[in-house]
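Below is one structure; the comments refer to it alone.
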Amino acid sequence: RQRQMCIRDSEIETQKAELRYMQLQIRPHFFLNCLKSLYALAEAGKYDRIQKMILEISKHIRYIFTDSMELVPLSRELDHIENYIEMQRGSSQYPPVCRFDIDSHLKELPIPPLSLQSFVENCVKHVYSPDYVLEIEVKAAVLRSGADTFADLTVTDNGGGFPEDVIAEINEPDSPLYAQNHVGINNVKKRLQLIYGDRALYAFFNRDMGERMGSVSEILIPIDREMLNVAEDEPDGEEAFNGLSLIHISEPTRQAENSY
């Protein structure tokens with residue numbers, strides 16, 4: 001039995017190393033676009049915007065080098081998403097709008113880093129149209145199901161939805177870790193499995209938005225109901241979830257003006 005436990009521990013450590021390697025795969029096309037944007041801003045003499053964008057890129061790089069198995073507060077993940085959207089204002093001619101609808105008790109909920117940001121980046125990566133503004137919504141809500149309580153985290157967009165073959169592939173529980181496509185999504189799924197086992201759930205599907213379909217990426221992370229009850233009883237929420245406190249529902253990000 002001791003030998004089996006050692007083998008299992010070794011397998012887990014190997015998987016962790018693989019996930020850390022995947023997380024360090026910086027998307028070269030995105031950073032090349034950032035450099036091109038910086039060059040265009042320099043030609044236009046917009047030096048204040050250049051300084052701001054360099055700081056945004058630095059924050060982005062610092063966060064993506066966070067240990068993939070280290071949990072971070074949901075608030076920090078949301079800050080990173082906002083920084084990523086701000087980067088789009090300098091690197092995209094048609095930047096997206098991002099709205100947040102966050103349950104007030106979940107701000108300090110520990111989650112895997114880049115779990116939601118990977119979905120947001122996926123929305124931006126696959127939707128680029130001058131015909132309409134890409135609208136992304138990030139939601140966090142408490143979901144009770146029988147004796148279980150979950151943090152229901154979703155990222156939705158109005159970008160046309162997932163192709164049907166992609167939906168089948170990314171909902172497959174045994175997706176290969178080194179698949180060439182959907183690296184970010186597969187990475188999130190594997191980390192959820194390693195951290196939470198079968199207690200964490202995920203689903204990827206489309207929703208009808210009238211004029212077009214939209215994609216939905218959803219993960220359910222188990223949380224302690226007793227800790228949640230403590231948070232509801234605490235006026236400041238400081239004792240639950242390692243420092244739980246309230247988070248406001250942010251106003252919609254105003255559409256960015258053309259930086260060029």
Side-chain angles (χ1 to χ4, degrees), residues 71-85 96-124 134-159 161-162 167 170-171 184-185 187-189 191-193 195-210 213-253:
L71 301 182
V72 300
L74 174 61
S75 58
R76 187 178 173 196
E77 179 83 356
L78 298 177
D79 287 343
H80 179 66
I81 291 173
E82 288 187 307
N83 182 70
Y84 176 79
I85 295 298
V97 169
C98 189
R99 299 181 176 91
F100 297 87
D101 185 355
I102 309 299
D103 186 287
S104 60
H105 298 99
L106 297 179
K107 181 180 180 181
E108 300 305 319
L109 173 72
I111 67 170
L114 300 173
S115 49
L116 295 180
Q117 195 274 338
S118 294
F119 300 151
V120 171
E121 185 172 349
N122 195 63
C123 297
V124 174
L134 172 62
E135 297 181 0
I136 301 171
E137 183 175 35
V138 180
K139 297 183 68 174
V142 176
L143 175 65
R144 292 180 172 87
S145 177
D148 299 321
T149 305
F150 298 91
D152 186 358
L153 311 177
T154 60
V155 174
T156 63
D157 67 37
N158 64 335
F162 295 113
I167 289 180
I170 59 182
N171 278 296
I185 290 177
N187 185 289
V188 172
K189 289 163 55 180
R191 283 188 290 143
L192 290 174
Q193 181 184 19
I195 296 169
Y196 304 103
D198 295 334
R199 296 180 300 149
L201 306 171
Y202 56 81
F204 304 94
F205 53 95
N206 292 331
R207 66 173 185 177
D208 189 351
M209 300 186 62
M213 298 296 289
S215 68
V216 181
S217 301
E218 180 177 22
I219 57 177
L220 299 177
I221 295 178
I223 56 179
D224 189 330
R225 180 175 290 187
E226 291 184 3
M227 294 292 287
L228 185 63
N229 290 336
V230 170
E232 291 173 344
D233 294 337
E234 289 286 338
D236 296 324
E238 293 298 330
E239 300 301 324
F241 287 133
N242 298 320
L244 194 66
S245 56
L246 302 181
I247 181 172
H248 67 282
I249 299 175
S250 66
E251 295 296 324
T253 305

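Side-chain atoms are counted along with the backbone in the values below, which use heavy atoms only and exclude waters and symmetry mates.
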Ile85 side, atom CD1; Phe100 side, atom CZ - distance, nearest 0.5 Å | 7.0 Å

If we only count heavy atoms from C-beta on, is the Val188 to Tyr202 side-chain gap below 4.5 Å?
-> no

In terms of heavy-atom contacts, Ala151 and Leu109 come closest through CB-CD2, 3.3 Å

What distance do Gln117 atom CD and Asn122 atom CG have between them, rounded to the nearest 0.5 Å?
-> 10.5 Å

Measure the CD1-CZ distance between Ile81 and Arg76 for me, rounded to the nearest 0.5 Å.
-> 13.0 Å

Closest contact, heavy atoms only, Glu77 versus Leu116 | OE2-N, 3.0 Å

Kindly give the heavy-atom pair with the smallest separation between Ala203 and Asn171, and that separation in Å.
-> CA-OD1, 3.6 Å

How many angstroms lie between CG in Leu220 and OG1 in Thr154, if you round to the nearest 0.5 Å?
-> 9.5 Å

Could you pull out the closest heavy-atom pair between Phe162 and Ile167, with the gap in Å?
-> CB-CG1, 3.4 Å

Close side-chain approach of Val72 and His80, heavy atoms under 4.5 Å | no

Which one of Leu153, Ile111, Val155 satisfies the side chain to side chain contact (heavy atoms under 4.5 Å, CB included) criterion with Ile219?
-> Leu153

For residues Leu74 and Ile102, determine if any side-chain heavy atom of one lies less than 4.5 Å from a side-chain heavy atom of the other.
-> yes

Could you tell me the separation between the CD1 atom of Ile185 and the CD1 atom of Ile170, rounded to the nearest 0.5 Å?
-> 4.0 Å

Results of side chain to side chain contact (heavy atoms under 4.5 Å, CB included) for Tyr196 - residues two or more places apart only = Leu71, Pro112, Leu192, Arg199, Ala200, Ile221, Pro222

Separation between CD1 (Ile223) and CG (Asp148), nearest 0.5 Å, reads 10.5 Å

Lys139 backbone acceptor or donor facing Asp101 side chain under 3.5 Å | no

Sequence neighbours left out, what passes side chain to side chain contact (heavy atoms under 4.5 Å, CB included) with Asp157? Give chain and number order.
-> Cys123, Leu134, Ile136, Ser215

